[in-house]
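Here the structure is laid out as structure tokens; the discussion comes afterwards.
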Amino acid sequence: MESKGAFKIIDKATGEIVGSTRYYEYNEAENSLAIGYTFYATRCWGTGFNPSIKQLMLDYMFQYVGKAIFHVGATNIRSQIAVGRLGAVKTGEQTVQYYGEPPKLNFVYEIKREDWLARTGNSAVGVAR
């Protein structure tokens, strides 16, 4: 939350904060934006929160950019499966070092706007400006 760029996710049924996520690393040259730093309370795992939030975020961002990027830890199988279910394709690997931690291998996944539209049939998503 200290990034001042995170979205707080609230369970409407209980009013409880159940997670957070954010957009980051806008790349004008690549016409891309990353989604990540997503965390949910364990009680929310497998309940549909993540795909619902990601769909909202993807539908919105594809009005402005042509590609969504996801960075997923190489050992984070749960998140790799989740982005795969959204239609993301692994396109690379990169080593990252978070503050105070040793370097870690991340997998890079992407979804292109045209693939998302074909997958979801969402005609409400406009063309990037």
*May I ask you to check whether T14 and E16 show a side-chain donor-acceptor distance below 3.5 Å?*
yes
*Grab the two heavy atoms, one from Y109 and one from A88, that are nearest each other, plus how far apart they are.*
CB-CB, 3.9 Å
*Under 4.5 Å between side-chain heavy atoms, hopping through other hydrophobics if needed: is there a path connecting L105 to V108?*
no
*First locate atom OH of Y23, then atom OH of Y64, and finally report the distance between them rounded to the nearest 0.5 Å.*
9.5 Å
*asked:* With rounding to the nearest 0.5 angstrom, report the OG1 to CZ distance, T38 to R22.
replied: 9.5 Å
*From SG (C44) to CD1 (I9), nearest 0.5 Å*: 9.0 Å
*Quick one: pull up OG in S32 and CZ in R113 and give me the separation to the nearest 0.5 Å.*
11.5 Å
_Minimum-distance pair of heavy atoms, taken over all atoms of S52 and G48_ = OG-O, 2.9 Å
*What's the shortest heavy-atom distance between N106 and G73, and which atoms?*
OD1-CA, 3.4 Å
*Can you name the one residue among D115, V83, T91 that meets side chain to side chain contact (heavy atoms under 4.5 Å, CB included) with E110?*
T91
_Quick check on the hydrophobic clustering: are F107 and I69 connected, directly or via other members, by side-chain heavy-atom contacts under 4.5 Å?_
no
*Is there any ring-ring contact (aromatic ring centres under 6.0 Å, His included) pair reaching into residues 32-55, and which pairs are they, with sequence neighbours excluded?*
Y24-Y37
*From N27 CG over to K67 NZ, what is the distance, rounded to the nearest 0.5 angstrom?*
8.0 Å
*Heavy-atom side-chain contact between L117 and F62 under 4.5 Å*: no
*Inspect the surroundings of CD in E93 and state if more than 12 heavy atoms from other residues, nucleotides or ligands are less than 6.0 Å away.*
yes
*Please report the shortest heavy-atom distance between A74 and Q80, naming the atom on each side.*
O-NE2, 2.9 Å
*asked:* Can you confirm whether N50 sits close enough to R85 that some side-chain heavy atom of one is under 4.5 Å from a side-chain heavy atom of the other?
replied: no
*Using the test side-chain contact (heavy atoms from CB on, under 4.5 Å), find all partners of T120 that sit at least two apart in sequence or belong to another chain.*
W116, N122
*What are the two closest heavy atoms between H71 and Q94, and how far apart are they?*
CD2-OE1, 2.9 Å
*Check the pair K104 / T75 against side chain to side chain contact (heavy atoms under 4.5 Å, CB included), numbers first and verdict last.*
CA-CA 9 Å; K104 294 180 183 175; T75 61; over 6 Å; no
*hydrophobic_cluster_shared for L33 and I53, side chain cutoff 4.5 Å*: yes
*State, to 0.1 Å, how close I111 and L86 come at their nearest heavy-atom pair, and which atoms those are.*
CD1-O, 3.8 Å
*Are V89 and L58 in one and the same hydrophobic cluster, where Ile, Leu, Val, Met, Phe, Trp and Tyr link if side-chain heavy atoms are under 4.5 Å apart?*
no
